[in-house]
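From a predicted model like this one, the values you see are computed outputs, not experimental measurements.
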Amino acid sequence: MAQQAIRLEEVAFSYPQDGHGLPPFSLNVAEGEGVLLSGPSGCGKSTLARLACGLIPHLYHGKLKGRAWLNDLPTAETPLWKLSEQAGLVFQNPAAQILTSSVDEEILFGLENLGISRQEMALRLEETLLRFELLEMRSRAPQTLSGGEQQKLALACMLARRTPILVLDEPLSMLDSTFAHQFTGYLSDLLNSGHTLLVCEHRTVFLRHIAELRSVPLQSPHPAPEEGLEAGIVPGGHVRRQFTLQVDGLSVERGGRTVLQDVNFSLPGGQWVALIGRNGSGKTTLLRTLAGLQPFTGNVQVQTPSGPESPSLSMVFQNPDLQLFNPTVREEILYRISDPDLQWYGWLVQALGLLHYESTPPLLLSEGEKRRTALATALMRRAQHGILLDEPSLGQDDRHKSILARTLRCLAQAGYLVVTATHDLELAAHADSMLLLTPQGILAHGPTGQILRQTGLWQQLGLWLPEWVQGTP
């Protein structure tokens, strides 16, 4: 019988700030086995990943019950440095793992702690940079990378250490479809070479070809929200007037690099637009520019029958930690609103599944819950022209992704311009139109069904198009 690489016996954990965490759960993962841990957003997958690696109870403190072993080492009694020789954890939010000032240094930092020779470190560094498509950015500060590039770096750092056990928390969430497809092939190779994998992931469409993965479900301790979306979300008649967001000759430089060059497009209000491009193509920069958060050259205006206006667009960031800072979810959503519409607020927290977290500090929520809190905060303000969302489906289970899609559809029907930058083609397929972005400008813009059927465009863009997407009407 194979040795148990990960063994959890009726483990349960609750965080001291809000009492949420993981209900009692048992799991055995044999040496060389792969397990896909699935379940709704907020059910405790990230908590279980921390338990499996020993970060709980060594770094995260709370009420712990049950016992956990890592290669027969009891995690509660074994020093964390010793556990780290057995297993590596890639966090759901890669920015939380970045420590150094360059991509090279970030990869070498973990290798230096293993005490391996300089020659071996140099070999692993070059191999890792090549495998994870990081060669051209090896000297850049990790903080200047896109979210997807940061995720590649976090995965590269951990896999370069070659620990026998890997725990990956949403490893595909920020990756474009091409690299996500390639990376799942790498995971299959790791399993075939004897590694043990515990993967938490919502984008399971990319994992279907890994026959070696055993699926283990986790259940949510909270009831699902009601779904009265179509009847409830009509933000107000004032947005129904006609307008068009016009962008001409937009260029952006950051840190001496040209991120966007001569971008031109026009987007009428009352539609949902999916912004698509490879990791590092400038999607986040474009949204930040439209929201007025990024200096640029060129012209960005809203054209109306009565004349041009400055855009009034709210934005939900890719990393919600950057815009959540209040003591509770309720205070976050209502922050600095002098006369809030409490009926609208009540609908938001119910529809977005936040009712049970009103008194919870936002930064203690799961990544999916954080994003829904940031979305509720943006919607509470009702910007005049629309809303910009950067990777809104990250950390969302299928149910909440469906709620998100219907919410965005209703916003567009109410007259808003909705722009979502996303690698999630399942979500993007629901949009009215697609805008394909490259660092050199706009490759294509048109109705979603039409764009999805033009496989030549996706080859030019460098994105792998799953078979099910190609058949989308």
Side-chain angles (χ1 to χ4, degrees), residues 4-8 10-13 20-30 32-53 55-56 68 87 89-94 151 155 165-175 177 180-181 183-188 190-191 195-225 353 356 365-372 391-405 422-427 466 468:
Q4 298 301 314
I6 299 172
R7 183 156 53 103
L8 308 176
E10 286 297 302
V11 292
F13 184 78
H20 297 141
L22 178 74
F25 189 79
S26 297
L27 175 68
N28 288 329
V29 184
E33 184 183 17
V35 167
L36 170 61
L37 195 65
S38 60
S41 177
C43 69
K45 296 187 298 296
S46 294
T47 299
L48 191 144
R50 295 164 184 165
L51 278 162
C53 290
L55 296 188
I56 295 175
L89 170 64
V90 177
F91 292 3
Q92 187 173 9
N93 183 351
Q151 188 162 46
L155 292 166
I165 302 171
L166 288 167
V167 181
L168 309 176
D169 193 1
E170 300 280 354
L172 309 179
S173 61
M174 300 184 191
L175 302 180
S177 60
H181 183 58
F183 184 68
T184 53
Y186 183 38
L187 292 182
S188 183
L190 287 173
L191 281 173
H195 283 76
T196 303
L197 295 182
L198 178 60
V199 183
C200 308
E201 183 58 65
H202 288 302
R203 295 179 75 187
T204 56
V205 65
F206 290 95
L207 300 170
R208 292 173 185 170
H209 302 298
I210 306 180
E212 304 91 341
L213 277 181
R214 170 168 64 96
S215 183
V216 175
L218 268 178
Q219 299 301 319
S220 175
H222 303 299
H356 295 278
L365 299 175
S366 73
E367 292 300 312
E369 291 159 352
K370 287 179 186 178
R371 283 175 172 81
R372 296 202 299 277
E391 297 291 355
S393 65
L394 296 185
Q396 307 293 349
D397 56 56
D398 287 343
R399 178 184 177 85
H400 284 106
K401 192 154 61 174
S402 177
I403 290 174
L404 172 65
T422 184
H423 293 299
D424 188 339
L425 296 180
E426 290 179 280
L427 177 68
W468 66 265

J.: Only one of V11, L8, I6 clears side-chain contact (heavy atoms from CB on, under 4.5 Å) with L48; which?
T.: L8
J.: Any side-chain heavy-atom pair from Y186 and L155 closer than 4.5 angstrom?
T.: no
J.: Would you name the heavy atoms of T184 and F206 that are closest together and state the gap between them?
T.: CG2-O, 3.3 Å
J.: How long is the span from the CD1 atom in I210 to the CG atom in L36, to the nearest 0.5 Å?
T.: 9.0 Å
J.: Say you draw a straight line from CZ of R7 to CG of L27; how long is it, rounded to the nearest 0.5 Å?
T.: 11.5 Å
J.: List in chain and number order the residues that pass side chain to side chain contact (heavy atoms under 4.5 Å, CB included) with H423, two or more places apart in sequence or in another chain; answer none if no residue qualifies.
T.: D176, R203, N279, K283, E391
J.: Kindly indicate whether the side chain of L187, heavy atoms from C-beta on, has any atom under 4.5 Å from the side chain of L168.
T.: yes
J.: Of all heavy-atom pairs between D169 and S46, which one has the smallest distance, and what is that distance?
T.: OD2-OG, 2.5 Å
J.: How would you list, by chain and number, every residue that makes a salt bridge (Lys or Arg N to Asp or Glu O under 4.0 Å) with K370, sequence neighbours excluded?
T.: D321, E367
J.: Can you tell if the side chain of T422 reaches within under 4.5 Å of the side chain of S393, non-hydrogen atoms only?
T.: yes
J.: List for me each residue that meets side-chain hydrogen bond (donor to acceptor under 3.5 Å, both in side chains) alongside S173, sequence neighbours excluded, and say none if there are none.
T.: Q151
J.: Would you compute the distance between atom NE2 of H202 and atom NE2 of H400 and round it to the nearest 0.5 angstrom?
T.: 9.5 Å
J.: Taking all non-hydrogen atoms of both residues into account, name the closest pair between A52 and L198 and its distance.
T.: CB-CD2, 4.1 Å
J.: With sequence neighbours left out, write down each residue that passes side-chain hydrogen bond (donor to acceptor under 3.5 Å, both in side chains) with H181, or none if nothing qualifies.
T.: none
J.: Looking at residues at least two apart in the chain, or sitting in another chain, which of them share a side-chain hydrogen bond (donor to acceptor under 3.5 Å, both in side chains) with T47?
T.: Y15
J.: Within the 4.5 Å heavy-atom criterion, are V29 and I165 side-chain neighbours or not?
T.: no
J.: Provide the closest heavy-atom pair for K45 versus L37 in the form atom of the first, atom of the second, distance.
T.: CD-O, 3.7 Å
J.: F25: which residues meet the ring-ring contact (aromatic ring centres under 6.0 Å, His included) condition with it, sequence neighbours left out?
T.: none
J.: Side chains of R371 and L394: closer than 4.5 Å at any heavy-atom pair?
T.: yes
J.: Identify the heavy atoms of G44 and L22 that sit nearest to each other, and give their distance.
T.: O-CD1, 3.7 Å
J.: Tell me yes or no: between the side chains of E369 and S366, is some donor less than 3.5 Å from an acceptor?
T.: yes
J.: Using a 4.5 Å cut-off on heavy atoms from C-beta on, say whether the side chain of L218 contacts that of C43.
T.: yes
J.: Which heavy atom in D397 sits nearest to a heavy atom in P40, and how many Å separate them?
T.: OD2-CA, 3.1 Å
J.: Which residues pass the side-chain hydrogen bond (donor to acceptor under 3.5 Å, both in side chains) test with S26, not counting sequence neighbours?
T.: E10
J.: Looking at residues at least two apart in the chain, or sitting in another chain, which of them share a salt bridge (Lys or Arg N to Asp or Glu O under 4.0 Å) with D424?
T.: K401
